[in-house]
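What follows is one structure encoded as structure tokens, with my remarks underneath.
Side-chain atoms are counted along with the backbone in the values below, which use heavy atoms only and exclude waters and symmetry mates.
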Amino acid sequence: MALHLSLLLLLLLIFYRLSAGRHVSVKTGGSITFPCSYDLNHINHVKYWCKGLGWDVCSYVVRTDYPKSSGKNSISDDINKRIFTVTMTDLEPEDSENYRCVVEINRGPDIRIQWFYLSVTPGTPELYVDQQEVTGVEGGSVTVRCYYSTSGDMKWCRMGGDCVRGYSGTFHGTSVRLMRTSDANNRKVLTVTMSGLKMENTDWYWCRVGELEMPVHITVSQQTATQRSSKMTSTTQDPTTQQPSASPTAEPVQNDNTSQGAEGNMEEVHQRPIDVKVLLISLGMLVVVTAGILVAWKMWRKHNNKAENQPIITSADRFPDNDDVTYSTVVLKRKTQQKLQTKSAEPDDNVFYSSLALQVTTQHRAAAAQQLLTERRPWSSP
């Protein structure tokens, strides 16, 4: 009878472990956060985290209506997203147990939201991640690495939503890629990459390998002005594409023609603005050079036309030849001297002359004129 009772208890333990819904493995001394989502009607209700196999033995660990931290455990409730979370720290092997997220109902049975089985191991956990909190920016991408040592189907699921199986998929327009590789320490890694992030992608997700699961929270924030400027600058530069080196231990990945086509289109989209920019710069330089040539040609034409229309003055025009007249250089010299004497003898308006001085000056002018006429007569032709 005792043997049958022991077998029955063992079966019950196995049943409760399998029925816990989510099996989480954590290393001794580590910590973990569990998310629990609830219905809109339960926003103002008390939530609690209890430990045990059944209702009769499920003891309170931490509640939202009491101090929200108790020893190594703490609880918080986000009524806007309708998710309350429980964080357990400094875990020890004796903390391995079934746990439940529960909503307390006054004058009625409490609602069990989710069951977890927590396994605390002194060695490497069967499934773990680098960090449970991952942040990204709108339009960018995030990468989550899930390390595992077990076998089974691999999925990336959104809490309360769909799952991506295989190697690629989408979450409301956000691209999701799954790749199985091995790192330098020969650890098996499931790498999850979410690209084209949106603000609504902020949520809890689950990395699943077989029956093991690990919750991961992704927060998407808006881009800052510096990030937008940096992104615009990077899109105007010629990208140098580098092919990722294939790991010799990487498992073969199924070709996704749709995803590859989308990447090809993105490369063309980045390339076209560069070609258009180069073309516009070349055309602008050509227009400037052509305009400069036209302006220089017009100025040259204008200068030549002005030079052609200007009359050419020769020595013949200045001194016309007259065969009938013979000029004497003496006469020209005396004429020049006479002009200088005449100019110097002209009265100045600012000087007052006496009548005697004016009379002498007049006589000198008359004598000079008479002498000039006398000198010119012998040279004149009959």
In T181, L190, V189, D183, the residue satisfying side-chain contact (heavy atoms from CB on, under 4.5 Å) with R145 is V189
Taking the six-membered ring for Trp, are Y60 and Y48 parallel (under 30°), tilted (30 to 60°) or perpendicular (over 60°)?
-> perpendicular
Gap separating the SG atom of C36 from the CH2 atom of W49, nearest 0.5 angstrom | 5.5 Å
When rounded to the nearest 0.5 Å, the distance separating CZ of R100 from SG of C58 is 5.0 Å
Within 45° of the ring axis of Y128 and under 6.0 Å from its six-membered ring centre, is that where the NZ or CZ of K27 lies?
-> no
Check whether the side chains of T219 and T135 place a donor and an acceptor atom closer than 3.5 Å, and report yes or no.
-> no
Output for pair (T191 OG1, R180 CZ), nearest 0.5 Å, gives 11.5 Å
dist W204:CH2 -> Q132:CD (nearest 0.5 Å) comes out at 5.0 Å
Is there a side-chain contact between K188 and V209 (heavy atoms, below 4.5 Å)?
-> no
Between the main-chain N or O of K72 and the side-chain N or O of T89, is there a donor-acceptor pair closer than 3.5 Å?
-> yes
In terms of the angle between their ring planes, are Y205 and F171 parallel, tilted or perpendicular, with boundaries placed at 30° and 60°?
-> tilted
So D95 and V26, side-chain contact (heavy atoms from CB on, under 4.5 Å) or not? Walk me through it.
-> CA-CA 10 Å; D95 293 321; V26 182; over 6 Å; no
Smallest heavy-atom separation, V24 atom then E213 atom, equals CG2-O, 3.6 Å
Any chance you could lay out the side-chain hydrogen bond (donor to acceptor under 3.5 Å, both in side chains) test for S119 and S96, step after step, and finish with the verdict?
-> CA-CA 5 Å; S119 174; S96 299; 4.8 Å; no
Got a donor-acceptor contact below 3.5 angstrom from the Q223 side chain to the E138 backbone?
-> yes
Side-chain (N98) to main-chain (Y117) donor-acceptor, under 3.5 angstrom = no
Classify the side-chain pair T64/D77 by whether it contains a donor and acceptor separated by less than 3.5 Å.
-> no
Hey, is the main chain of T143 close enough, under 3.5 Å, to the side chain of T193 for a donor-acceptor pair?
-> no
Side chains of H45 and E104: is there a donor and an acceptor less than 3.5 Å apart?
-> no
First locate atom CG of D90, then atom OG1 of T28, and finally report the distance between them rounded to the nearest 0.5 Å.
-> 11.5 Å
Keeping the roles fixed (side chain from S221, backbone from V137), state whether a donor-acceptor pair exists under 3.5 Å.
-> no
Go through the steps to decide whether L127 and T150 satisfy the test side-chain contact (heavy atoms from CB on, under 4.5 Å), and finish with yes or no.
-> CA-CA 8 Å; L127 175 64; T150 186; 5.9 Å; no
Under the side-chain contact (heavy atoms from CB on, under 4.5 Å) rule, what do S76 and F84 come out as? Steps first, then yes or no, please.
-> CA-CA 5 Å; S76 62; F84 74 91; over 6 Å; no
